[in-house]
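Naming: A, B, ... by sequence-line order, numbering from 1 per chain.
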There are 2 protein chains.
Amino acid sequence: MGKTRSAPTLNDVAKAAGVSTATVSRCLNSPERVVESTRKRVMQAVESLGYTPNFAARVMAANRSFTIGAIIPTMDNAIFARGLQEFQDQLRESGYTLLVSSSAYDPEVEREQIRTLVARGADGLLLIGYARDAEIYNYLEQHQIPSLVAWSYDPRVQRPSVGFSNTAAMGELARKVILTGHRQIAMISGKTKGNDRAQSRVEGVRLAMTENSLDPDTLTLIETTYEIEKGAEALRKLMNLSPRPTVVICGNDVLAAGALREARNLGIQVPEQLSITGFDDIELAEIVSPSLTTVHVPHREMGRKAAQELVEMVEGRSEGRSVCIDTRMVVRHSLAGPPDLP
Amino acid sequence: MGKTRSAPTLNDVAKAAGVSTATVSRCLNSPERVVESTRKRVMQAVESLGYTPNFAARVMAANRSFTIGAIIPTMDNAIFARGLQEFQDQLRESGYTLLVSSSAYDPEVEREQIRTLVARGADGLLLIGYARDAEIYNYLEQHQIPSLVAWSYDPRVQRPSVGFSNTAAMGELARKVILTGHRQIAMISGKTKGNDRAQSRVEGVRLAMTENSLDPDTLTLIETTYEIEKGAEALRKLMNLSPRPTVVICGNDVLAAGALREARNLGIQVPEQLSITGFDDIELAEIVSPSLTTVHVPHREMGRKAAQELVEMVEGRSEGRSVCIDTRMVVRHSLAGPPDLP
DNA sequence: TTGTATGCGTTATCAG
DNA sequence: CTGATAACGCATACAA
């Protein structure tokens, strides 16, 4: 167990290069402010010592952490993974590191994680959806932490966001469903409480019904957590109803996949006897059989744009703009006309 | 734009409570070392000021960050998500925060991310698989950063790991495949270069063949990246071979799902005309149709145990133990006997 | 049990 | 263009 030298510091580099720590620091942070000759010498020392700046010290001195925090509802399925991956890659390019937490859709947990992230000096925060206590937003404002909402976009809300209109997107799908001839409509939604995406998607369906002279109150709605099992469970319940729905609109692809699986187990032909639709267009949607008619959300684009905007905000170049991402319906095989269209 | 007060510091709390900063610090870190009465007073001040310790300062002073880093190959599919979620939850219970990066299966990127994580003061690192340059391990040792390997377990390697034997797990599956009557065996593997999990899985198949008097050199092997599309592509190539394989063993469920989809597109009946197997048993495996025969990996258990062990290591209570997690084969519908078994 | 004083590694300000 | 030096907020050894 020999004595191990610990990480070299600015001081070590300075000594090795025969300059002051200030100069070394400058070489690293604003190289143009130091002459070629000394810079070269310094960089060589940095290289040969394998120097890496101490992050905590840097944060303390500069009062910036080059860290962006993100709190997502779950890491458990692909829905957020893809967008976040792109978000992270884009951040990295701008010199930031991403710190992710997942809240398990629990507002209390989210609150705590936001505090942790702020305590860790996050320069900015990415939040999913608008819906959360005003207290949290106040807290962020007090601490001067720029925050950006993603996955939702609503022009009525005065808060920077990079997302899409869940209402409009689901509305388009529902209109298509109705146009296809369905009248007995059921929906398996995620829990709407504290989840504006889920709420808006339900609203989208209701709006489409109203527009087409269907009573939105006749929508059979089941709320559940976003798990495959739950989607299956919900479908089972729906199939015991009479009259049976001819179409089940699901709040996302995961629920739809569960519903699809259960339909198969029950010996119900999709789409001949029952239509099922999803939302998100994760890879799953194309793999299940029959493939899912769903709404495509450009997650990567959203992640990239969110990163760009948040960095602008953090660096004081933007007060917080909002970006609306376009979604589009993807028609595949799980949607067809109702079984006994006269 | 009013002047916003910035976060309260230890000093503020100390003043408010009428004690020294040292006492406040103690109240927070080792409450038992301060009398009830003062502690109560201090805690009250902490509460009312909404004090949260400044993370960077804490790291600098204590020379510990309560941060664990993890570098995973990809966040893009469910394979690592589930285990990591549990890893994170368990860490949180022990008071640690998780910092995740993904390397996109690129050793160079991984190297850089490890350095970043270390510079950020990570107390310990979780790495996926053993295979990486000795230089990296040396670097970690030099910096005294405990590291734990996950997703792989090999008793021959002297390095703490919490994982499973990829060879044995895939071997079991391959034995089953052979026992079912298959002789024309093909495999779609992930890129084996720098990926010991992929390597071991191929090895597992070869071992099983050898054990059953099949020449392992007759294994048709395609290596590709872990994407659905690539699985599909590979299957297409395999189906043009003659003689055609009667079974395609895939390196993971994602590749298998792609292969399955392509088989369907080509009008090939699975499992009647072709058997396909996966690995990992992510949710996908049960959802696709036919459902996948695969190897179940208890990702959550692995994540939890990895967190426990790594914390022990970081806190100096363990020199680094290894834990072998049990996998089990899951037989579903995608595997059957070869089409023209005499 | 509590307070004092010092150091952690950078950045940034201000002279030179 | 470069060098001293003062913060930054906290933990801890040491003193009281």
For [X], does the [atom1] atom have more than 12 heavy-atom neighbours from other residues, nucleotides or ligands under 6.0 Å away?
X	atom1	result
A/Arg64	CZ	yes
B/Gln44	CD	no
A/Gln158	CD	no
A/Asn63	CG	no

Counting side-chain heavy atoms from C-beta on, which of [options] comes nearest to [X]?
X	options	answer
A/Ala22	D/dC10, C/dG9, D/dG3	D/dG3
B/Val34	C/dG9, C/dT11, C/dT2	C/dT2
A/Arg26	D/dG3, D/dC10, C/dT2	D/dG3
B/Pro53	D/dC10, C/dT11, D/dT2	D/dC10
B/Ala61	C/dG9, C/dT11, D/dC10	D/dC10
A/Ala57	C/dT10, D/dG3, D/dC10	C/dT10

Mind checking if [X] touches a base, just sugar-phosphate, or nothing, with heavy atoms under 4.0 Å?
X	value
B/Val19	sugar-phosphate
B/Asn63	nothing
B/Leu10	sugar-phosphate
B/Phe55	nothing

In whole Å, what is the span from the [atom1] atom of [X] to the [atom2] atom of [N]?
X	N	atom1	atom2	answer
A/Asn29	C/dT13	CG	P	13 Å
A/Met60	C/dA12	CE	C1'	14 Å
A/Leu28	C/dT11	CG	C1'	12 Å
B/Leu49	D/dG9	CG	P	15 Å
B/Glu32	C/dT2	CD	P	13 Å
B/Arg64	C/dC8	CZ	P	19 Å
B/Asn54	D/dC8	CG	P	12 Å
A/Lys40	D/dC1	NZ	P	17 Å

The residue, B/Ser37 or A/Arg33, whose nearest nucleotide of DNA chain C is more 5′ is B/Ser37
[X] side chain N/O closer than 4.0 Å to the phosphate oxygens (OP1, OP2) of [N]?
X	N	value
B/Thr9	D/dC8	no
B/Thr38	C/dT2	yes
A/Asn11	C/dG9	no
A/Ser20	D/dA4	no
B/Thr21	D/dC10	no

Distance-only, no hydrogens or angles: does the A/Arg26 side chain make a donor-acceptor pair with backbone N or O of A/Arg33 under 3.5 Å?
-> no
NZ/NE/NH1/NH2 to OD/OE distance under 4.0 Å, A/Glu135 and A/Arg115 | yes
